[in-house]
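Beneath this line is the structure, given in structure tokens, with notes to follow.
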Amino acid sequence: MRRSENKKRVLWQFPWHYKESFIFASGFLITGYLLQIILGSVHAPVFPVNVIMLLVFIALICIVYFSGSATNIVKWLRSVPLSIASISLVLFQGIIMGVMPQNPESPHKDILGFTNVLQSWPFAFSIILLLFNLGLATLHRAFPFRKRNITFLVNHLGLWITLAAGIAGAGDLKRYEMDLKEGEVAWMANDGKQVFEMPFAFQLDKFEMEEYTPKITVANIRTNEVTTKGENMMRQIVEGDAYKIASREIKILKYYPEANSIAGRYEKVNGFGSSPAALIKCSTPGMPDTTAWISCGSFASEPSFLRLNDSMALVMMEPEPKSFCSHVVVYEPQKKPEKAVVEVNKPLTVNGWKIYQMRYDSQMGKYSTKSTLEVIKDPWLPIVYAGIFMMIIGSVLLIFKKQPNTSN
């Protein structure tokens, strides 16, 4: 009787495959959680410690590869099974981030780091394993160099650079807020805990906002609950528009984007504190027509509404911001003051810092005399962008890469 040629492979017998890879990765993850329980969260290193640690990590990958590239253990460390296992660990951390609200400042102790994944030991271990595997796989394709490996190298090296620079540079990322008041010069920024002096200053000349036309809806004046669902609910105001809402015929007789209340009516004005106003005609079956002014009001005036019954009324919602920006004067040492505009999604660059329009005094709305800017400095961002650019190039090369001819 012949022995079976497909003899069952013993666990942990080289070459290692998926079973060993996932067992090893699971052990790696458990070790991370044990360290998280014992030591607490990881604090991202800052320059120059992060640079030294990254260089040591790169050197370790090179030493392991060049000293034992032909050994079974190194072949496994750069293998696809370990790559899949390490990617699974990172995805697992991503799932936790998606499911659990991330709040590093939460007063409730989270011993497993589920609410602070990016600063936890399990996440650090998952990234280290992935980078180690990816680095060895990249070196294997790079030495000896072959032209056919260019696409692989550009893609994988770009991914390695993006991940490594993003993680190593986390400690050097500075993200502050600057609170500006009209006519005042501000040099200080804060992170919610500490105050920092910046290498530049801003003076707010003017805050400017463009608004959408407000909407009309029905609200319960006793509970202040607004009805958002239903036919023609939350419909934007257009002068001359006529439609049905809550079984009533509504017609917009007049609309003023800026108006003030004078003796029970609204007059068009263009002044500080004015608010939108509309003259509404409401026709209810079996009831006389009602005409009244409605307004959302402002910090300087009370809102007005058209009562439909004892509890419901036709109301004007506050206009939603379309765009807003801060007109500022920028001061830098040994430079002349310069005027600039900080807009949403259009950051201003000053002395290596990115300046973003963040928020304003919501109670004052477009009349706000305050503005909050977000100032960000990320010295590792160009390296991250370089890695992303490499991956884009690699993707383009992959599209045009010639496929092997399999025809006879």
Side-chain angles (χ1 to χ4, degrees), residues 15-18 20-22 25 50-51 54-55 57-95 97-98 118 123 126-170 172-173 345-347 349 352 354 376 378-408:
W16 292 349
H17 294 304
Y18 286 98
E20 291 87 351
S21 298
F22 275 93
N50 51 1
V51 175
L54 182 59
L55 292 175
F57 185 63
I58 294 171
L60 178 62
I61 293 173
C62 293
I63 290 170
V64 169
Y65 179 77
F66 289 112
S67 64
S69 60
T71 62
N72 286 326
I73 188 68
V74 175
K75 287 180 180 179
W76 170 74
L77 284 171
R78 62 172 172 80
S79 69
V80 172
L82 185 61
S83 176
I84 299 298
S86 59
I87 291 172
S88 299
L89 293 192
V90 176
L91 288 176
F92 177 68
Q93 298 300 311
I95 291 171
M97 288 181 64
L118 294 179
F123 178 77
S126 301
I127 289 293
I128 288 171
L129 184 60
L130 177 60
L131 288 175
F132 203 85
N133 169 264
L134 187 60
L136 290 174
T138 304
L139 286 175
H140 178 67
R141 290 294 189 97
F143 299 97
F145 176 77
R146 294 182 179 88
K147 189 177 179 180
R148 67 173 182 268
N149 289 334
I150 290 177
T151 302
F152 179 94
L153 291 173
V154 173
N155 267 315
H156 287 69
L157 184 58
L159 177 60
W160 197 96
I161 290 172
T162 301
L163 289 173
I167 298 301
D172 291 331
L173 173 65
N345 298 326
K346 292 183 180 179
T349 302
K354 291 286 186 181
I376 300 175
D378 187 357
W380 291 74
L381 194 58
I383 303 176
V384 174
Y385 283 160
I388 294 172
F389 184 67
M390 289 178 67
M391 287 190 286
I392 293 173
I393 293 175
S395 299
V396 173
L397 291 175
L398 195 61
I399 294 172
F400 294 101
K401 185 178 181 181
K402 292 183 179 180
Q403 298 299 322
N405 189 2
T406 57
S407 60
N408 293 331

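Every heavy atom of this structure was used, including side-chain atoms; hydrogens, water molecules and symmetry mates were not.
- Atoms CG and CD1, from Leu131 and Ile61 in turn, are 7.0 Å apart once rounded to the nearest 0.5 Å.
- At most 12 heavy atoms of other shown residues, nucleotides or ligands fall within 6.0 angstrom of atom CZ in Phe389.
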Step-by-step side-chain contact (heavy atoms from CB on, under 4.5 Å) determination, Phe132 to Leu60 | CA-CA 9 Å; Phe132 203 85; Leu60 178 62; 4.1 Å; yes
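- Every residue two or more places apart in sequence or in another chain that forms a side chain to side chain contact (heavy atoms under 4.5 Å, CB included) with Leu55 is listed here: Val51.
- The closest side-chain heavy-atom distance from Leu77 to Tyr65 is not below 4.5 Å.
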Take Ile84 and Val80, measure what side-chain contact (heavy atoms from CB on, under 4.5 Å) needs, and give me the verdict at the end.
-> CA-CA 6 Å; Ile84 299 298; Val80 172; 4.1 Å; yes
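- Although no hydrogens or angles enter the test, the distance criterion places no donor-acceptor pair under 3.5 Å between the side chain of Ser69 and the main chain of Phe66.
- Separation of atoms CG (Leu139) and CZ (Arg78) is listed at 10.5 Å; rounding is to 0.5 Å.
- Considering all non-hydrogen atoms of both residues, Ser21 and Ala85 come closest at O-CB, 3.7 Å.
- When side chains are defined from C-beta on, Leu157 does not count as touching Phe152, because their heavy atoms never get closer than 4.5 Å.
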Worked check of side-chain contact (heavy atoms from CB on, under 4.5 Å) between Gln93 and Ile127 | CA-CA 10 Å; Gln93 298 300 311; Ile127 289 293; over 6 Å; no
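- Remark: Leu153 CG to Met390 CE distance equals 8.5 Å, nearest 0.5 Å.
- Remark: side-chain polar atoms of Asn149 are paired, donor with acceptor, to backbone N or O of Arg141 under 3.5 angstrom.
- Judged purely by atom type and a 3.5 angstrom limit, Thr162 uses its side chain to pair as donor or acceptor with the backbone of Ile388.
- Tyr385 OH to Asp378 CG: the interatomic distance, rounded to the nearest 0.5 Å, is 8.5 Å.
- To the nearest 0.5 Å, atom CG of residue Leu89 and atom CG of residue Leu129 are 6.0 Å apart.
- Proximity of a side-chain donor or acceptor of Asn72 to a complementary backbone N or O of Pro15 within less than 3.5 Å is not detected.
- A donor-acceptor pair under 3.5 Å is absent between the side-chain atoms of Trp160 and the main chain of Leu134, judged by distance alone.
- Of the candidates Ile392, Asn155, Thr151, Leu397 forms a side chain to side chain contact (heavy atoms under 4.5 Å, CB included) with just one, namely Thr151.
- Looking at Ile87, Asn133, Leu136 one by one, the single match for side chain to side chain contact (heavy atoms under 4.5 Å, CB included) with Leu82 turns out to be Asn133.
- Taking all atoms of both residues into account, the shortest heavy-atom contact from Thr71 to Gly68 is OG1-O, 2.6 Å.
- Judged purely by atom type and a 3.5 angstrom limit, Glu20 uses its side chain to pair as donor or acceptor with the backbone of His17.
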Report the C-alpha separation of Ser88 and Phe22 in whole Å, then their side-chain angles, then the decisive distance to 0.1 Å, and conclude whether the side-chain contact (heavy atoms from CB on, under 4.5 Å) test is met.
-> CA-CA 9 Å; Ser88 299; Phe22 275 93; 3.7 Å; yes
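- The backbone N or O of Ser79 sits nowhere less than 3.5 Å from a side-chain atom of Ser83 that would complete a donor-acceptor pair.
- To the nearest 0.5 Å, atom NZ of residue Lys354 and atom CG of residue Leu381 are 8.5 Å apart.
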